[in-house]
Protein chains: 2
Amino acid sequence: MKAKVPVGVIERLPNYLNCLLQLEKQGVDTVSSKRMSYLTGINSAEIRRDLIYFGTFGIKGVGYEVKYLIQKLQHILGSDIQHKIALVGAGNLGSAIAGYDALKKHGFLIDAIFDQDTKKIGTRIGGIIVSDIAEIMEVLSGKNISIAILAVPPAAAQTTANKMVAAGINVILNYTSTIVEVPDLVQVHNSDPVNELLYTLHYLSSQSTKL
Amino acid sequence: MKAKVPVGVIERLPNYLNCLLQLEKQGVDTVSSKRMSYLTGINSAEIRRDLIYFGTFGIKGVGYEVKYLIQKLQHILGSDIQHKIALVGAGNLGSAIAGYDALKKHGFLIDAIFDQDTKKIGTRIGGIIVSDIAEIMEVLSGKNISIAILAVPPAAAQTTANKMVAAGINVILNYTSTIVEVPDLVQVHNSDPVNELLYTLHYLSSQSTKL
């Protein structure tokens, strides 16, 4: 069933899940699609349509049961079980990612950290020793890690991605502004923080045109 | 015309622009939608359809003129002129954002940085003095900044967003995992790095189901 759900729907599920986890923390039991729409910025009709793909969980006049929907979405996304990931780059960005509370919340465990800076190698970030990127193959062997986060300076992105691929990583989350090229069987997801800014900018300039 | 373009199309334009800027740096003059598809991960038919919204720039058998298409996209997105932004949060994440080369490339200039940590206030990040968040109103007054980046710890996200709004910020880029509530006229764009991980996870688990 999973494979038939449109990509756009799957892309929005993490937003719903985040919203629901925050509501749960606030002690909220049920939520309307209207309230979810206000919190996520996603149209309420779209929310209802998206969630129907996974069965109809909403009760008319009551809304969605927060806890139940969280369990459902976590199961659909696969975040109800723990996933080990590797982090490559122990600079400001890497450290920010390693300290990100939401990673743990969604079952992600950083189990290896790499850098090429001798000043960083051997130090600890969140309890994990920073290893030399030159030893990625040895360190990852037997660890069963297939996802890695790329958080190195842009100029080092491609060579680092090559090392990741050689070490058996098949999903790369690229947080650099460099587009990296990898073999067909490896997936790269780009998450450039500037993209959001550019997107926002368009709407700002559309608004000013309308004034 | 801008207002009629679907949101999904606008969302993809920064990806195209990034890809083209990288090709330009590599000295590439023309590019096919197929090559752009390989680099961005977006379907080539979708790329062609998207770009038609802004006029047909592709030449059959030759492709798109890289420099020309960059200019066009920058103009559409509004990144051909400089935009001043404020950064709130001078920790690892804020420092990573401030050092992000792609910001400058797209015409974004961080013109004010705030934090509440007295150890950080008064220090400089990329030449900009870190100001006390308590003084955001005074510091921003007369600066003509309407966009701010929220990069504080999750527990401080809502109170900080309130301060931003009070200081006249009307677009917030939220890099925390907390959903913040703001008045209707203020836009919030959430950019949670974990969303990409969750999205990826779904496809990983779909793959394993298929095996």
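These figures come from a predicted structure and were not determined experimentally. Worth knowing before you read on, the calculation uses all heavy atoms, side chains too, and leaves out hydrogens, waters and symmetry mates.
- With sequence neighbours excluded, the residues satisfying salt bridge (Lys or Arg N to Asp or Glu O under 4.0 Å) with B:Lys143 are B:Asp111.
- In this structure a side-chain-to-backbone donor-acceptor pair under 3.5 Å is present from A:His83 to A:Gly78.
- Below 4.5 Å, heavy atoms of chain A meet heavy atoms from B:Leu17, B:Asn18, B:Cys19, B:Gln22, B:Arg35, all part of residues 17-36 of chain B.
- Within the structure, ring pair (Phe, Tyr, Trp, His ring centres under 6.0 Å) contacts touching residues 149-169 of chain B (residues at least two apart or in different chains) do not occur.
- Here the side chain of B:Gln82 pairs no donor or acceptor atom with the backbone of B:Phe108 at under 3.5 angstrom.
- With a 4.5 angstrom heavy-atom cutoff, A:Ile97 does not touch chain B via any of its atoms.
- Ranked by heavy-atom pairs under 4.5 Å with chain A, the first of B:Asn190, B:Asp184, B:Val188, B:Thr178 is B:Thr178.
- Within the structure, salt bridge (charged side-chain N to carboxylate O under 4.0 Å, His left out) pairs that include any residue of residues 147-172 of chain B do not occur (at least two apart or interchain).
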Item to check | B:Tyr53/B:Ile76 under side chain to side chain contact (heavy atoms under 4.5 Å, CB included): CA gap, chis, key distance, verdict | outcome: CA-CA 11 Å; B:Tyr53 275 101; B:Ile76 292 159; over 6 Å; no

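- With a threshold of 4.5 angstrom between heavy atoms, B:Ile147 approaches chain A through side-chain atoms but not through N, CA, C or O.
- The main-chain N or O of B:Gly89 is never found under 3.5 Å from a side-chain atom of B:Asp115 such that the two would form a donor-acceptor pair.
- Proximity to chain A is limited to the side chain of B:Leu173, based on heavy atoms less than 4.5 angstrom apart.
- Ranking A:Lys105, A:Gln74, A:Arg12, A:Glu181 against chain B, the residue ahead of the rest is A:Glu181, based on heavy-atom pairs under 4.5 Å.
- Counting non-hydrogen atoms of other residues, nucleotides and ligands closer than 6.0 Å to CD of B:Gln116 gives a total of 12 or fewer.
- Both the backbone and the side chain of B:Tyr175 come within less than 4.5 Å of a heavy atom of chain A.
- A:Thr176 touches chain B through its backbone: at least one of N, CA, C or O sits under 4.5 Å from a heavy atom, while the side chain does not.
- Chain B forms the most heavy-atom pairs under 4.5 Å with one residue out of A:Ile85, A:Leu93, A:Ile179, and that residue is A:Ile179.
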Next on the checklist: As a quick check of understanding, evaluate side chain to side chain contact (heavy atoms under 4.5 Å, CB included) for A:Leu51 and A:Leu69, giving each step before the final call.
Outcome noted: CA-CA 9 Å; A:Leu51 295 177; A:Leu69 193 49; 3.9 Å; yes

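- No other option in B:Asn92, B:Val182, B:Ile149 has as many heavy-atom pairs under 4.5 Å with chain A as B:Asn92.
- The two residues B:Ile125 and B:Ala90 make their nearest non-hydrogen contact at CD1-CB, 3.7 Å.
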